[in-house]
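Scroll down for the structure; my scribbles are underneath it.
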Amino acid sequence: MKALGKVDIEGRVRLVMEGALTARDRVGVQDFVLLENYNSEAAFIENLRRRFRENLIYTYIGSVLVSMNPYKELEIYSKQQMDRYRGVSFYEISPHIYALSDNTYRAMRTERKDQCILISGESGAGKTEASKKILLYYAVTCPTNDRMAALGDRLLQSNPVLEAFGNAKTLRNDNSSRFGKYMDVQFDFRGAPVGGHILNYLLEKSRVVHQNHGERNFHIFYQLLDGGEDDQLNTLNLERNPQNYRYLVKGNCPRVSSISDKNNWKVVMKALPVIGFTEEEVFAINNISNLARLLGVDGSALREALTHKKLTAKGEEMITPLNFEQAEAARDALAKAVYGRTFTWLVEKINQSLALKDEIYHSSKGSSVIGLLDIYGFEVLQHNSFEQFCINYCNEKLQQLFIELTLRSEQEEYETEGIAWETVQYFDNKIICDLIEEKHKGIISILDEECLRPGETCDVSFLEKLEDTVGGHPHFVTHKLANGKTRRVMSREEFRLLHYAGEVNYNVNGFLDKNNDLLNRNLKEVMCQSDNQILSHCFRREEVIDQKRPEMAATQFKNSLMKLTEILRSKEPSYVRCIKPNDAKQPGRFDEVLVRHQVKYLGLMENLRVRRAGFAYRRRFEAFLQRYKPLCPETWPNWHGRLADGVLTLVKHLGYKDEEYKLGRSKIFIRFPKTLFNTEDVLEAKKPEIALTLQTSWRGYRERAKYQRIRRAVIQSGWRGMKARRRAKRRRQAADLIRRFIKGFIYRHGEYGPENDYFLDHVRYSFLKNLRKNLPKSVLDKSWPTPPPSLVEASEHLQKLHMRNMVTKYCRIVHPEWKKQMMQKVVASEIFKDQKDSYPQSVGRLFLDSRLEREQISLKVVQTLGNDKVQYGVSVIKYDKRGFKPRPRQLLLTNTFAVLVDKTKIKQRIDYTALRDIALSSLSDGMCVLHITREDNKQKGDLLLHCSHSIEMVTKLAMMANKTNNVNINPGSIQFTVARGKEGIIDFVRGAELKVTKGRRGHLLVVSQRLL
Ligand SMILES: Nc1ncnc2c1ncn2[C@@H]1O[C@H](COP(=O)(O)OP(=O)(O)O)[C@@H](O)[C@H]1O
Ligand SMILES: [Mg+2]
C-alpha cells in the first residue's frame, strides 16, 4: 500500500523532472537519479554546484530531499509558494521543502499511517531552519480546529523559547542547537493539528560553565542582560555588562554582529505567555537565568555546601572541607545541574501547553502523527570531548536507521512491481554502533564500569581499559596502538574512532566526571530548600533520601536513543539531508572540499547507488504513454489496448534494448538516464512535426467549413418557395382541427373513437400539463388536481409516485441528527404503537441524546468505563427484587453493555448479550423489567426499573442491544426471577394516579394513571 502511495508521489516528482529535462544543461538535474554517471562524485557535486549557483538549493535523490544552506534569505517561503505546493499544481514545480512537507502530510492523511521527517546534516547545515519551515507550512496550510485554533501558534512559538535556552553561538553556527529535539505533531481526523510533544536529548550542559574561544554561553543569558528592563536587572541584582560575569565570557565574544540579543529577548518574552507560562513562572525563569545569585536559598548554607563535602561512611556523616579546585568544581557542577534541570522543566512545561487536552482525541483512531527530528549533526572540533562522543554516536545510530529504511523501501517497491532485486554494496555502520554500545564490551559499558569501579579511577585508566578491551577493533585507535603517521597527530590522552562520517579524536579528559554527572549531596539538600518555585520543582527531596545511584549519563543517552529509533521505526520516514556550502557562513560560496566531505559522510552517493541499483527512472504506464505516445504511429494519437502493451509497442518502436528497461505491474523501469534523455530528445525533435500535423488538420477543417457555408446559400432560395407552400397547407389543417375539436366536445361522453379522439387526447394532455405545474411541494400538502374521467386510475398512480419521490428527496437532505431521531421514533412505533397506553403521549416529544448532563455522570465512573463511551444516560428508580425498596440510580448505556450506577459506584453491569428481553406493561406506568439470561453467572439477575422516560429509554436500549424484537408488552402482570427457582410478580392495574406499592401475596403492585 505504502509503496503504491509513494510511487505516485515520486511519479509526480518525475513529471517535474521531465519539465526540466530541457533545462538540464544549465541547472543540472532536479533528481540525482537522472545523473548519467551516478558513480561519479564529481558529477554529483557538479550538479549541486550548478543548482546552487542558480539559488536552486533543493534537489531530490528519489524521495530524499537534499538541501543546501544558502546563507541568505530566498524568496521561496511565502504563502503563495505554500499554495503552489498544495494539491494539483504539485506536478509542475521544482523540489522544495514544502513539497516534502506536503507529501508527508498527504501520505499521513491518505494512508492513515504515522510519518516522520528526519533532518540530518552537520552543525550549521540548516536542519533547524528546515524543521521550522516544515512547521510553518503545517501551521499555515492545515485546516484549523476551532477549539485548538492557537495550537499552530503555540507550536511555532515554542521554538524561540527553546532556542533561547538551548541554542548558542558556536564556531560553526551562530545559532547552533545544543540539544537534540524530536517533535511530534498530532493531527485529528480532519487533518487539523491538535497536539504536540517534544522529546529533548542531551543538552550540552558544560557550556554553562565553559565555552571555547569564539563561542558563547546559551543565548538567554545575553538576551537578559541586553534586553531586560533596568528595574528587572536591578531586582535581580544584575549588571548589564556581560564582561562582569565569568561564565559568559570564557569564549571572549559576548556580542555577535549577526545576533540581536535585545530583539530576541523581546521575541522570547512575547512567546512565553503564548505557550502558557504564567507571569510568576516568567519571573522565576529570569531568576534562574541569573545563576550567580538569587537561587532563593540561604546564603550561608550554600557557602557551606559549596566548600564542604558530606560523606556517609559506615553510617556516620562526615563533613570534609574541599580544596579550591574541588570547590570550583562543585560550583560548576551546581550551575550545570541547575541549568540542565531547568531546561528539562521548560520542555515539560511546553509539552503541557501543547498536549492534547480533549479526551475525545486521545482515543480517536482517526488521528495521526508527523514526527520531526532535528538532532545535532555530526561534529568534529579541535578538541572533542564526551559531548561530541555522544553526538557522533547519535549520528551513527541515525545513519544505521537510514540505511535500513531506505534499502527496505526500495526493495519493497521492486517486490510490488515484481522485478528482481539486485544487491548493492554499501557500508553498513553497524560495526561502529556495536563498538560503542554493545553490552559489557562496548565503549559505553566500559566507561560505566570505570565510573563504578572502586579504587583509583581516572580518565587515563579508562583509556587503558579501552585499549585492553577494544584495542583490536578496526574502527578504534589510540596513540599507543597507532602507526607512526597517525601517532603524530594524536595526543596520548586521545582515542580515535573511525566513524562512518570520518575520523574523530576524542580527548578522555572529563569523560568520567561528565558520565557520572554527580552533584554533592549537601548541594542537593540546599537546593531542595529553594523557594524559587521552579528549582523546588527540579530538586526533589526524594532524590536526597534515595540512595540508589541514577543511571550514568552515557547509558541514559544510549537508552533514550534506543527509544527514539523505536519511535522512528514505527513510522514512515522521509529525509532531508542538509549540506553547508562553506564554513564561513557566506552566501554564494561553494567550497568543494567541504561539500564533498558531507556528500561522502551523509552517504548520498550510496543512497543514489541504491536508488540506481536497478533503474534510474520509473513511471506509471499511463504517464509514460501520455508523454511519449507521439513517437510511435501505433500509439498516436490514442492507444486503445492495455496500457502495458501500449508501452511495450512504444519502446519497441523506439528501439529500446532488452537490458535497458523492464516492465513491472504498473510501471516501466528504465535502467539508464541516457535512454530516457534520448527519448526526450526525440520528442523534442518531433515537436515541430506534431505541430505541423495539427496545423494541417486544422486547415482542412477550415476549408470544409467554408464549403458548407456556400452550399447552404444555394439551398436557401429553394427553401423559400417551399415555405410558402407549407403555410397554405397549415391553414387548411387548422380549419380541419377546429372542426374536429367541436365535434369531439359534443361526443365527449361517448366511446373513444374517430369522433372524439382528438378532443379526449387534448383533455388528457392538458390535465397532465396542468398537473406538472401544480404538483404539491411538500408531503403534507394533500392537494391534487381533479383528473378527467379517463385518467382517474393513472392519476392515482401518479400521486403515489410523486409522494414517494418527495419522501425520498426529503430523506436525502434530512440532517443526520434528525434522521437518527426519526429512526428511533420508527422503532418506538414498531414496538409500542397500539400496545402501550403511554405511547401516543410520547410521540410528540423528541428523544434526547442523553437525559444526563455530562457533569451529572461521575468522573470516576467515566474513567472506569474507559474506552466504552456512555451513549445514553437516564435517571431511574431501581426496585429491590425482595422487599421492593426503591433506590435512585443512573442507567448508562454503552455500545456493548449497560451499567447501573449509584452516584460514583457501578452497582451492576448488564452485558447486552446476557439481556434476554425487556418486559413492560400495556398501561401508562414507567415500569420495566430487564430479564437477564440465567446461564451467565457473572450477571446479577433480573432488574426492576422505573423510568419517567421509559419509551425513550427502552427504545434506545433495545436498539443498542439489538433486541427490538425482544420487547414484550404484557397486559396484566410480569414475572421476574428473584433467585434460582424463586419467582416474583408485578401486577399492573389502572387507578387515579401512579403508585408503586406492595400488593397482595408479596406481589409488587403498580397503579397506572388512567389517561384521558
Ligand atoms: N533555508 C535557509 N534559508 C536561509 N538561511 C538559512 C537556511 N537554512 C539555514 N540558513 C542559515 O544558516 C544558519 C544555520 O542554520 P541552522 O538551521 O541553525 O543549522 P543547524 O540546525 O543544522 O545547525 C541559520 O541561522 C541561517 O542563517
Ligand atoms: Mg540546529
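Please read all numbers here as calculations on a predicted model, not as lab measurements. Ligands are counted one by one from 1 in listed order, and the atoms in each one are counted from 1 as well.
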Do me a favour and list the nearest non-hydrogen protein atom to [atom] with residue, atom name and distance?
atom                    : answer
atom 23 (O) of ligand 1 : G124 N, 2.6 Å
atom 4 (C) of ligand 1  : K72 O, 3.1 Å
atom 6 (C) of ligand 1  : N69 OD1, 3.3 Å
atom 21 (O) of ligand 1 : T128 OG1, 2.6 Å
atom 27 (O) of ligand 1 : Y71 CD2, 4.9 Å

What class does the angle between the rings of [X] and [Y] fall in, given that below 30° is parallel, 30 to 60° is tilted and above 60° is perpendicular?
X    : Y    : answer
F221 : Y339 : tilted
H96  : Y85  : tilted
F52  : F590 : tilted
Y105 : Y138 : tilted

Based purely on interatomic distance, does [X] place a nitrogen or oxygen under 3.5 Å from a nitrogen or oxygen of ligand 1?
X    : answer
K127 : yes
A125 : yes
E129 : yes
K133 : no

_Quiz question for you: does at least one protein heavy atom lie closer than 4.0 Å to atom 18 (O) of ligand 1?_
yes

What I want to check is whether the side chains of [X] and [Y] have a donor and an acceptor closer together than 3.5 Å.
X    : Y    : value
S206 : E387 : yes
K169 : S176 : no
N505 : R496 : yes

What atoms in ligand 1 come closer than 4.0 Å to a heavy atom of [X]?
X    : value
S123 : 23 (O)
E122 : 22 (O)
N175 : 18 (O)
G126 : 8 (N), 9 (C), 15 (O), 16 (P), 17 (O), 19 (O), 20 (P), 22 (O)

*Do R178's NZ or CZ and the ring of Y376 fall within the cation-pi criteria of under 6.0 Å and 45°?*
no

*Geometric cation-pi criterion R589 and Y71, 6.0 Å radius, 45° cone*: no

Where on [X] is there a heavy atom closer than 4.0 Å to ligand 1, on the side chain, on the backbone, on both, or on neither?
X    : answer
R172 : neither
P70  : side chain
N173 : side chain
K585 : neither
Y77  : side chain

*side chain to side chain donor-acceptor pair (under 3.5 Å) partner of N167, the single match among T128, N159, N175*: N175

*asked:* Taking side chain to side chain donor-acceptor pair (under 3.5 Å) as the criterion, tell me which of E396, H475, Q400 meets it with N429.
replied: E396

*Say whether C578 and ligand 1 are in contact under the criterion: heavy-atom distance to a ligand atom below 4.0 Å.*
no

*Tell me, please, if S176 has any N/O/S atom, main chain or side chain, under 2.8 Å from the Mg ion (ligand 2)?*
no

*Check whether any N, O or S atom of S177 sits under 2.8 Å from the Mg ion (ligand 2).*
yes

*What do you reckon, is NZ of K132 surrounded by more than 12 foreign heavy atoms closer than 6.0 Å?*
yes

*Apply the side-chain contact (heavy atoms from CB on, under 4.5 Å) test between Y393 and each candidate in I443, I432, L435, I444; give the one that qualifies.*
I444

